[in-house]
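To keep things clear, I will list the structure first and then write my remarks on it.
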Protein chains: 2
Amino acid sequence: MNPTIHDVARQANVSISTVSRVVNQPLAVRKEKRDRVLQAIEQLGYEPNPFASGLRDRATKTIAAMIPDITNPFYAELFRGIEDIAREQKNNVIICNTDQDEARFLEYMSYFKKKKIDGLIFVSAAVTDAHHATFAELQVPVVLAATDGERFGLPYVKVNDYAAASDAASFLIKNGHRSIGVISGPADDPIAGIPRLAGFRDALAAYGLPHGANAVAYGTYDFDSGYEAMRKLYGTMPELTAVFAASDAMALGAMAFLQRRGMEVPRQISIIGFDNISLSRMVTPALTTVAQPVYEIGKQAAAMLFRRIGNPQDEAQSLVLGHEIVVRDTVWNRN
Amino acid sequence: MNPTIHDVARQANVSISTVSRVVNQPLAVRKEKRDRVLQAIEQLGYEPNPFASGLRDRATKTIAAMIPDITNPFYAELFRGIEDIAREQKNNVIICNTDQDEARFLEYMSYFKKKKIDGLIFVSAAVTDAHHATFAELQVPVVLAATDGERFGLPYVKVNDYAAASDAASFLIKNGHRSIGVISGPADDPIAGIPRLAGFRDALAAYGLPHGANAVAYGTYDFDSGYEAMRKLYGTMPELTAVFAASDAMALGAMAFLQRRGMEVPRQISIIGFDNISLSRMVTPALTTVAQPVYEIGKQAAAMLFRRIGNPQDEAQSLVLGHEIVVRDTVWNRN
DNA sequence: TTGTAGGCGTTATCAC
DNA sequence: GTGATAACGCCTACAA
C-alpha cells in the first residue's frame, strides 16, 4: 500500500490540506511547516494517487499520440521524441495506430471522450474537416506533428516541405542532372504530396528544365508503390538520369526496381529520397536523402502540447524546423 | 460532462447499485430491470469513469510494455501485436523504451510502483536476477515476450531459437555450402546469442562440417556491428561461401560490407539472416532469413497477460511458436 | 433481488 | 496561514 496524504500529514503533524498545499502551491505555506512536510514526503516516498486527482480534476497525466503506424521507422522515431518529453513531464503517452483508417480514428476519439486525456498529438496525416470537428469536441489541446494546421488554426511542428523538395532539385541540378523524374506522394495529399511536388517542379522550372506530367509518377510513400512508380516513370521517361522520391521508402522501392532490372545506381540513374529513415544508410549504395529532424519534431510537438496544457490560452507558435541534405552514395556527379 | 451512474439510475428508475450490478454482474439482476438499465445506459451513452473505479479497486486498465527500442522495426511489430490485444481489452498500454539501460529500467519500475499498472510485458532482453527481484516487488503479473523465463519460472512466448538456427544451417548445407561463417550475437546473451550459435554449430557438426572459432564473429544485433563482424570474419575465413547472421540487421550490415568491397551477393557469398524484419525484402538482393512470427508473439504475450490479470492463479502455459525460412535472393544454390 | 451507505485519496471551499 | 469538510464516481458489504 502506498502512503497517502494522510500518512504524510500525520508524520509531519499537520493537516492534510497543508500537505496538499505544499504539493500544489508551496508558496502558500509557512516555510517551517513546509520543510517538515517535504521531509515527511521524502521519508515516506509519498506520491499523489493519480486516480484520486483524476477523479476530482479530470486531469489524467496522459496524452495520446495518433500515429499512422508505429511500425514505420519514421513515425517510430518521431514517437520517441514525444515519449522522451512526456516522461520528463511524468506523463504517460498512449499510442494509437490509426493505419490511416477513419473508423479506427473515430473509435479512438470516442474512447478519449470517455476516458479523458489531457492532450493529443496528431501525427503526419492531413487534417480533414471531420478530424477538426472531432478535435474540437475533445476540449483538450491538440498539436500537429509533421503535418500542417494553418487551415484550422491548429499549431504544428513541421519542416518546410516545399523548400526541402526545392533543395533536392537544386542538388540534383548542381550535380549535372537535366532529365529528372519525380516519384510523388498522392496528388491530393496536402502535406507531403502537393508541396513536395510543387517545390521540386518549381525549382526545375527556375532552371528552365522540363517538368511535365510524363516526368511524374505517383505512389503512396511505401516501398511497393515506389517500385511500381519507378516502373511507370521509366516507361514514360527512359532518358532520365535522376529521380527524386518523396519518401525514402519509395526511393528504396525505386532503387530495387532499377537494380533488379540490372541498372546501376547511381552510375546510370541517381536517386534522392526524403526523410532519412534509418534504413537509408543500410542499403547499398547508401541513399542520399533530404533529412527531416524527425526526433526533434516529436520533441517540439510534445513540448508545445505540454505548454498548452499548462496554459490553455497560450497562443502556441507553430514551428518550422530546418531540413538538410544528407549526401551518401546514390547521386552521381555528372559534371 | 459525461453521464454518471446516478444519471442512469434516475433514468431507469432504479438505485445506483442496481446499475452497477448490471454492469458488473448482469446475472444478479432481474431481467426486467436489467433491460431498463441497459436501455438507459445505451441512451445516455454511459461508461464507467475509470478514475473512480481505479480509485476504488486500484485496477488501472493499463499495462506496460518494456521494450529495448520502439525504433527498431522488430520491436515495433511485436508491440503492434501487444497493442491490438490491449485495445480489444479496452486497456491502454504504456510503452517504455529501455535502450537496454539499467537505470532507465529502474526508473520506469519505480514509477510503476507508484502509479500502478495491471501487468507488464517484458520484451526481448535477458532477464537478470535484478530484473526478477524488481518484478516481484511490483506484485502484478509479468509475461516475457521473445525471451526466456524458465530460470525464474516466468511465463514467456518465444520461438525455439536453437531449432531455428539449426534449420538455417541445414538450409545452407542443402544448398551446397560447406564453408560457412556465423555472425553471432554476444557470447553471453542467453536469449538470442548462445542458443542461435549453438543450434547452428551443432547442425554443422552433425553434417561433419567445420565450425571452429575462426568461423564465428560476434556482434550486437545492429547493422554496424554486422558490418564490422563481416570484416573480421572475412579476414579469418576467406574461403567461406555462406554466412548466417543472428539478426537481419547484422545480415544487412554484412551484406553492405561485402557489396562495398565489390563482392557479389549471393553469387560469391550467400547470406541468411534472422527475424524477417520488413527491411529484409527492401534491399537488393532481398534477404533470405529465418522468420519469427513477431506480431503473433506480441499478441500471444498480451493475451497471456490479460488471462493472468483476470485470474492471478492461472498457471500460465509458456508458448513456443513456430519459425520458418523465408526464401528470397541471398542464398545461392551451389549444387 | 434491491437499496443504503461508507470509503477509496485528492483538491478546493470555506471558516477560523 | 491553517484545518475541517464536501465533493469527484464507483463498488460492495450489509441491511431490508
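Per chain, numbering begins at 1; letters A, B, ... match sequence-line order. Because only heavy atoms are used, hydrogens play no part in the values below, and waters and symmetry mates are left out as well, while side chains stay in. On a predicted model such as this, the values are computed, not experimentally measured, just so you know.
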ask   = Has B/Ser20 got a side-chain N or O lying under 4.0 Å from the OP1 or OP2 atom of D/dC11?
value = yes
ask   = B/Ile16 has a side chain; which of D/dG3, D/dC11, C/dG3 sits nearest to it?
value = D/dC11
task = May I ask you to verify whether the side chain of A/Arg56 and the base of C/dA12 hold a donor-acceptor pair under 3.5 Å?
result = no
note = When A/Gln25 and B/Val29 are each assigned the nearest nucleotide of DNA chain C, the 5'-most assignment goes to B/Val29
ask   = Just how far, in rounded Å, is C1' of D/dT2 from CD of A/Glu32?
value = 13 Å
task = Evaluate the ring planes of A/His132 and A/Phe152, with Trp represented by its six-membered ring, and classify them as parallel (under 30°), tilted (30 to 60°) or perpendicular (over 60°).
result = parallel
key: Rounded distance in Å - NZ (B/Lys61) to P (D/dC11)   = 10 Å
ask   = Hey, is the side chain of B/Arg21 pairing donor to acceptor with the base of C/dG3 inside 3.5 Å?
value = yes
Distance below 4.0 Å between A/Ser15 side-chain N/O and D/dG3 OP1 or OP2 = yes
query = Salt bridge check: are A/Asp84 and B/Arg104 linked by an N-O gap of less than 4.0 Å?
reply = yes
request  = For B/Thr134 and B/His131, run side chain to side chain donor-acceptor pair (under 3.5 Å): C-alpha distance rounded to whole Å, both residues' side-chain angles, the deciding distance at 0.1 Å, then the answer.
outcome  = CA-CA 5 Å; B/Thr134 324; B/His131 285 137; over 6 Å; no
key: Nucleotide of D/dT2, C/dT2, C/dT10 approaching B/Lys33 most closely (side-chain heavy atoms)   = C/dT2
key: Phosphate OP1/OP2 of D/dT2 contacted by A/Arg30 side-chain N/O (<4.0 Å)   = yes
ask   = Of the nucleotides D/dC10, C/dG9, D/dT2, which one has an atom closest to the side chain of B/Leu55?
value = C/dG9
Shortest side-chain distance from A/Ala52, nucleotide among D/dC10, D/dT2, C/dT10 = C/dT10
task = Check the distance between D/dC11's C1' and A/Phe51's CZ and give it to me in whole angstrom.
result = 15 Å
query = Can a salt bridge be assigned to the pair B/Arg308 and B/Asp118 using a cut-off of 4.0 Å between side-chain N and carboxylate O?
reply = no
task = Return no unless some side-chain N or O of B/Thr18 is found under 4.0 Å from OP1 or OP2 of C/dG3.
result = yes
key: Salt bridge A/Asp35-A/Arg30, side-chain N to carboxylate O under 4.0 Å   = no
key: Closest to the A/Tyr46 side chain, choosing from C/dG3, C/dT10, D/dT2   = C/dT10
inquiry  = So, does A/Asn49 get its side chain near the phosphate of C/dC8, meaning an N or O under 4.0 Å from OP1 or OP2?
reply    = no
inquiry  = Heavy atoms only, 4.0 Å cut-off, all strands: where does B/Ile5 land among base, sugar-phosphate and nothing?
reply    = sugar-phosphate
message = For a quick check of understanding: with a heavy-atom distance under 4.0 Å over all strands, which category does A/Ser53 fall into, base, sugar-phosphate or nothing?
response = sugar-phosphate
message = Rounding to an integer number of Å, can you tell me how far B/Asn13 CG sits from C/dT1 P?
response = 20 Å
